Q: 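Sharing a structure, written as structure tokens. Questions coming.
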Amino acid sequence: MDMDKLVSLCKRRGFLFQSSEIYGGLNGFWDYGPLGTELKRNIKEAWWRDMITGHDDLDAPAGAPSAFQMVGLDSTIIMHPQIWKCSGHYDLFHDFMVDCRESKKRYRHDQVRGRWVSYQGKRAFVATQFGGDEGLAETEQKGLKFFGLRAKDAERLAWEGDLISLTKVADFAEVLGPDAKALGTLTPPREFNLMFKTYVGALSGEEGAAFLRPETAQGIFVNFKNVVDSSRVSVPFGIAQVGKSFRNEITPRNFTFRSREFEQMEIEFFCHPSQSADWYKYWRDRRYRWYTELGLAGDRLILRDHHQDELSHYSCGTADIEYAFPFLPPGEFGELEGIAHRGDFDLRSHMEGKLVREGDTLVVVKDAEGKPRHRGSGKDLSYYDDITRERFIPHVIEPSAGADRATLAFLCEAYTEDKVPDENGNPRERVFLKLHPRLAPVKAAVFPLVKKDGMPEVAQKIYRDLKKHFNVYYDEKGAVGRRYARQDEIGTPYCITVDGETLTSGTVTIRDRDTLKQWRVKVDDCVAELSKGLGG
Ligand code: GAP
């Protein structure tokens with residue numbers, strides 16, 4: 001699939017716009033237009049319904065060790081700064097960046113790649129931000145330019161091997177930065193904390209410093225006790241939250257994939273330590289299934305277990321759900337969601353202070369004087385089980401998804417081009433979004449075939465009746481073929497047309513977006529017919 005075509009459709013039809021566009025845009029920030037807003041809302045609502053309100057807590061779902069409860073939470077974006085010290089974000093949530101003294105651009109150290117090339121005894125590492133064929137093509141072009149050669153002299157350059165990461169280059173003196181003309185313009189890598197800093201109230205100094213949350217998860221951990229004490233939940237249970245998170249990404253890119261402001265859909269599932277391995281497996285499989293049920297399938301969606309050496313210091317297991325986004329080189333996948341077994345790391349950190357793993361145990365990080373480096377709340381966040389009469393600190397399984405990445409993946413997967421016969425039987429290009437009906441921004445469009453003979457009045461009545469149940473659209477402008485094409489392009493599953501026969505037989509045609517099949521139903525049966533097709 002050609003990503004440029006999807007990006008252009010998203011702008012043209014009002015799914016996504018660059019933030020602050022009339023002022024030249026702001027890199028890493030995106031606005032959702034009318035249709036994008038509906039699509040993302042539908043994704044978040046499907047998640048909320050499937051994970052929380054629609055969850056049956058009386059029976060164990062297939063694959064689950066037991067029945068369990070799910071509740072929601074909506075915590076603040078700015079929280080007590082100590083939270084980020086105990087969670088580890090204050091000390092550890094950073095990327096390494098390199099700056100270019102010539103272009104003034106900043107790059108993530110691990111995202112710059114390049115190739116060694118020599119010519120007449122001079123050697124250079126030609127850097128690029130692209131991978132795969134695109135990266136190879138760019139380095140070839142840049143290599144020629146750097147050595148003042150023309151395309152026909154390409155074979156005079158001696159390239160060494162494939163693209164490698166800049167992290168494998170020790171001395172930057174021979175590096176030609178991705179946007180530089182001279183060698184050695186990149187600075188050594190430096191740590192860069194990804195949290196956005198702000199100041200609360202009238203205190204402008206460090207006393208008033210706070211952070212925009214880089215994840216919604218911590219709001220759940222610090223409310224664990226409040227929820228247990230107020231909601232009659234008992235372990236095992238999960239707390240879910242959907243909300244904005246902020247990360248000052250060094251190189252936001254790939255449309256909305258890596259943004260600086262984005263939305264997360266996170267669950268923290270609290271369970272008994274002896275059962276946490278089973279719950280981890282349950283959530284890992286269940287979350288993967290959720291994406292497949294909504295249309296991400298085939299070999300473009302994978303569930304990848306992290307290797308032991310990839311795991312965070314507190315984690316006993318992590319798996320990523322990844323999608324082969326079309327902007328990635330062939331064979332590469334981008335993360336949609338991580339499912340992590342976090343042990344008791346988070347609750348204990350907020351009780352005792354910032355923890356690290358030492359061997360098989362977690363210990364509080366101490367400063368030179370032996371005092372906790374970042375003190376916890378001191379509150380007891382353990383759980384008492386009335387039935388077993390046991391007190392313990394629950395283990396946590398965390399399925400953490402990105403709403404914007406899910407939206408982008410569903411859009412990429414849905415984008416379809418095919419050829420259909422036009423009115424004269426000639427093949428016509430058709431672009432349509434094959435979105436799952438639950439996700440489609442508009443569920444049905446209602447058209448009068450022509451703007452006369454009482455057809456608009458009947459169509460408007462049908463539109464108003466349907467509007468009470470679904471997000472539907474009324475359109476009477478232009479040729480009906482054009483109206484179908486416009487709905488196909490935004491993924492509307494059904495089009496209902498009022499024609500001459502409607503006035504005599506009281507029936508309308510319903511057209512299916514994917515099969516293009518048309519059939520007649522009674523006007524009074526439209527709501528029931530659509531409910532059947534939309535699955536609700
Ligand atoms: N609480 C765990 C956590 O935040 P994460 O892997 O850093 O884990 C979870 O983030 C999900 O949030 C990712 O799988 C991704 O879908 C989304 N996400 C993370 N950073 C993002 C960014 N810069 N832009 C868009 N989505 C992002």
Side-chain angles (χ1 to χ4, degrees), residues 16 19 26-32 36 40 43-44 47 73 75 77 79 83-84 86-89 92-95 108 111 192-196 211-222 238-269 283-284 287-288 290-291 296 301-304 306 310-315 317-323 325 327-328 333-343 345-347 349-350 396-412:
L16 276 155
S19 160
L26 188 61
N27 198 10
F29 296 89
W30 295 93
D31 294 337
Y32 285 78
K40 190 166 150 194
I43 291 169
K44 289 185 289 180
W47 183 86
L73 184 84
S75 69
I77 285 171
M79 300 192 283
I83 289 173
W84 308 112
C86 291
S87 70
H89 287 84
L92 298 172
F93 194 54
H94 51 238
D95 279 336
R108 238 173 79 176
Q111 281 179 352
F192 177 77
N193 194 295
L194 298 182
M195 285 197 292
F196 279 100
F211 301 94
L212 305 193
R213 67 179 176 202
E215 59 170 30
T216 63
Q218 297 303 321
I220 300 182
F221 294 126
V222 299
I239 306 179
Q241 166 153 237
V242 178
K244 289 268 180 153
S245 292
F246 302 81
R247 296 183 189 178
N248 201 359
E249 299 283 359
I250 299 168
T251 44
R253 56 159 127 181
N254 290 334
F255 207 15
T256 57
F257 182 81
R258 192 173 302 287
S259 308
R260 288 178 167 141
E261 175 175 339
F262 55 95
E263 255 179 303
Q264 290 185 309
M265 308 186 288
E266 297 201 290
I267 295 171
E268 304 304 328
F269 188 79
W283 278 107
R284 177 183 164 276
R287 289 302 306 145
Y288 180 76
W290 186 78
Y291 291 98
L296 294 191
L301 188 76
I302 58 165
L303 181 63
R304 186 180 69 83
H306 283 209
E310 267 185 280
L311 297 179
S312 318
H313 59 280
Y314 47 78
S315 180
T318 298
D320 283 345
I321 298 172
E322 299 179 338
Y323 181 72
F325 286 97
F327 46 75
L328 297 172
F333 291 79
E335 179 186 324
L336 283 181
E337 171 161 351
I339 300 104
H341 180 303
R342 298 179 63 92
F345 173 79
D346 305 279
L347 291 178
S349 294
H350 288 303
V396 168
I397 312 299
E398 178 191 69
S400 169
D404 306 87
R405 286 199 189 164
T407 306
L408 187 57
F410 284 119
L411 276 170
C412 291

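Each ligand, and each atom within it, is numbered from 1 in the order the structure gives. Treat the numbers as computed from the prediction; the structure is a model and nothing was measured. Here, residue 1 is the first one in the sequence, and each next residue gets the next number.
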Q: Tell me, which protein residue and heavy-atom name are nearest atom 15 (C) of ligand 1, and how many Å apart are they?
A: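 Here the closest protein heavy atom is R405 NH1, 3.5 Å.
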Q: Please identify which of these residues, R287, R284, R304, meets the salt bridge (charged side-chain N to carboxylate O under 4.0 Å, His left out) condition with E337.
A: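 In the set R287, R284, R304, the residue that makes a salt bridge (charged side-chain N to carboxylate O under 4.0 Å, His left out) with E337 is R287.
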Q: Can you tell which of F93, Y323, F262 gets a heavy atom nearest to atom 22 (C) of ligand 1?
A: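 Going through F93, Y323, F262 one by one, F262 has the nearest heavy atom to atom 22 (C) of ligand 1.
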Q: In Å, rounded to the nearest 0.5 Å, how long is the span from CG of D95 to CD1 of I250?
A: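 It is 4.5 Å, given to the nearest 0.5 Å.
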Q: Among all protein heavy atoms in this structure, tell me which lies nearest to atom 25 (C) of ligand 1, with the distance rounded to 0.1 Å.
A: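 Its nearest protein heavy-atom neighbour is F257 O, 3.1 Å.
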Q: What's the spacing between E266 CD and E398 CD if we round to 0.5 Å?
A: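 So the CD of E266 and the CD of E398 are separated by 5.0 Å.
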Q: Examine F327 together with F255 and report whether their ring centres are nearer than 6.0 Å.
A: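 No, ring centres 6.0 Å or more apart.
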Q: Which residue holds the protein heavy atom closest to atom 10 (O) of ligand 1, what is that atom called, and what is the gap in Å?
A: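 Closest protein heavy atom to atom 10 (O) of ligand 1: Q264 NE2, 3.3 Å.
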Q: Just verifying a value: how many Å separate E249 CD and F262 CZ, rounded to the nearest 0.5 Å?
A: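 It is 6.5 Å, given to the nearest 0.5 Å.
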Q: At a 4.0 Å cut-off, with the gap strictly under it, does some heavy atom of L336 reach an atom of ligand 1?
A: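 True for this residue.
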Q: Kindly identify the option in G334, P252, S400 whose heavy atom sits closest to atom 9 (C) of ligand 1.
A: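 Among G334, P252, S400, the closest heavy atom to atom 9 (C) of ligand 1 comes from S400.
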Q: Quick one: look up the protein heavy atom nearest atom 17 (C) of ligand 1 and list residue, atom name and how far away it is.
A: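 Protein heavy atom at minimum distance: G402 CA, 3.7 Å.
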Q: Can you report which non-hydrogen protein atom sits closest to atom 24 (N) of ligand 1, along with the distance?
A: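 Closest protein heavy atom to atom 24 (N) of ligand 1: S259 N, 3.0 Å.
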Q: Considering only heavy atoms from C-beta outward, does the side chain of L296 approach that of L336 to under 4.5 Å?
A: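 L296 vs L336: side chains touch.
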Q: Under 4.0 Å from any heavy atom of A217, which atoms of ligand 1 are there?
A: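 Within the 4.0 Å cut-off of A217, ligand 1 contributes 1 (N).
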Q: Going by the atom numbers of ligand 1, which of them fall below 4.0 Å from some non-hydrogen atom of E266?
A: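 Heavy-atom distances to E266 below 4.0 Å select 1 (N), 2 (C), 3 (C), 4 (O).
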Q: Just to confirm my output: which protein heavy-atom neighbour is closest to atom 6 (O) of ligand 1, and how far is it?
A: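 So the nearest neighbour among protein heavy atoms is E335 OE2, 3.0 Å.
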Q: Atom 5 (P) of ligand 1: which of E215, R247, E337 has the nearest heavy atom?
A: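 Minimum heavy-atom distance to atom 5 (P) of ligand 1 goes to R247.
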Q: Between F246 and F196, what is the ring plane arrangement, given parallel below 30°, perpendicular above 60°, and tilted in between?
A: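 Perpendicular, since the angle between the ring planes exceeds 60°.
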Q: Which of the atoms in ligand 1, numbered in the order shown and given with their element, are less than 4.0 Å from a heavy-atom of E398?
A: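 In order of number, 1 (N), 2 (C).
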Q: To the nearest 0.5 Å, what is the distance between CG (L408) and CG (L16)?
A: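 Answer rounded to 0.5 Å: 8.0 Å.
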Q: Can you tell me how far CE of M265 sits from OG of S400, rounded to the nearest 0.5 angstrom?
A: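 One gets 9.5 Å once the value is rounded to the nearest 0.5 Å.
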